[in-house]
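Everything below concerns the one structure shown next.
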Amino acid sequence: VQLQASGGGLVQPGGSLRLSCAASGFTFRIYAGAWFRQAPGKEREFVAAISWNGGTIDYADSVRGRFTISSDNAKNTVSLQMNSLKPEDTAVYYCAGDRLYRAGRSNYNYWGQGTQVTVSS
């Protein structure tokens, strides 16, 4: 089982980025997916989660209304569209997957390697 996160980069405040998490060894058709992030000197924190059928979605208060999580069963990916980015969104973003929907809890069984997002002018 492997998760590969991509799409990070440098963007100006107010800009947008789209992160993608590709899975191999399992399918998001029956697995839940989530995104977490970790800023320098801070603990990893929950960003967004989506259940296997997309019927349940949760967001951290800090990103609600700006970020959108989605899944594409045909491509076996979970994506995070990030709009109106702020400097405080700067972090390494990690995708996670699990057979169970764990919402904001961090005990997902599978984790990707992380992708850096830097929001700076």
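Side chains included, hydrogens not; waters and symmetry mates left out as well; all remaining heavy atoms used. For reference, positions follow the sequence shown, starting with 1.
Counting heavy atoms from C-beta outward, Phe36 and Phe46 have side chains that approach closer than 4.5 Å. At least one side-chain heavy atom of Ser120 sits under 4.5 Å from a side-chain heavy atom of Leu10. For the pair Glu45/Val63, no side-chain contact is recorded, criterion being any heavy-atom separation below 4.5 Å from C-beta on. The shortest side-chain heavy-atom distance between Ser106 and Glu43 does not fall under the 4.5 Å cut-off.
A side-chain N or O of Thr118 and one of Gln116 form a donor-acceptor pair less than 3.5 Å apart.
A donor-acceptor pair is defined here as one N or O able to donate and one able to accept, closer than 3.5 Å; such a pair exists between the side chain of Thr90 and the backbone of Val119. Checked by atom type and distance alone, the side chain of Tyr108 pairs as donor or acceptor with a backbone atom of Ala103 at under 3.5 Å. Under a 3.5 Å cut-off, the side chain of Asp98 and the backbone N or O of Asn109 do form a donor-acceptor pair. Under a 3.5 Å cut-off, the side chain of Asn76 and the backbone N or O of Ala23 do form a donor-acceptor pair.
In this structure, the separation between OG1 on Thr115 and CD on Gln4 is 9.0 Å, given to the nearest 0.5 Å. Here OH of Tyr93 is found 9.0 Å from CG of Leu17. Values are rounded to the nearest 0.5 Å. Rounding to the nearest 0.5 angstrom, the gap separating the CG atom in Asp72 from the SG atom in Cys21 is 12.5 Å. The structure places CD1 of Ile57 at 7.5 Å from OG of Ser71, a figure rounded to the nearest 0.5 Å. If you take CZ on Arg18 and OG on Ser6, they are separated by 10.5 Å, rounding to the nearest 0.5 Å. Of the inter-residue distances, the one linking Ser20 atom OG with Lys75 atom NZ reads 8.0 Å to the nearest 0.5 angstrom.
Nearest heavy-atom pair across Lys42 and Gln38 is O-NE2, 3.1 Å. Contact between Ser16 and Asn83 at its shortest, heavy atoms only, is OG-OD1, 2.9 Å. Nearest approach of Arg66 to Ser84, heavy atoms of both residues: NH1-O, 2.9 Å. Nearest approach of Ser121 to Pro13, heavy atoms of both residues: N-CD, 3.7 Å. Scanning all heavy atoms of the two residues, the minimum distance from Thr56 to Asn53 falls at N-OD1, 4.4 Å.
A chain of hydrophobic side-chain contacts below 4.5 Å, direct or via other Ile, Leu, Val, Met, Phe, Trp or Tyr residues, connects Val117 to Ile69. If you chain together hydrophobic residues whose side chains sit under 4.5 Å apart, Ile30 and Tyr110 fall into the same group. Note on Tyr94: it does not cluster hydrophobically with Trp35, by side-chain heavy-atom contacts below 4.5 Å among ILVMFWY residues. A single hydrophobic cluster is not seen to contain both Trp111 and Phe26; linkage of ILVMFWY side chains at heavy-atom distances under 4.5 Å, directly or through other members, places them apart.
No more than 12 heavy atoms of other residues, nucleotides or ligands shown are found within 6.0 angstrom of CH2 on Trp52.
Every side chain to side chain contact (heavy atoms under 4.5 Å, CB included) that Thr68 has, sequence neighbours left out, goes to Tyr59, Gln81.
A salt bridge is absent between Asp89 and Lys86; no separation between the charged side-chain nitrogens and carboxylate oxygens falls under 4.0 Å.
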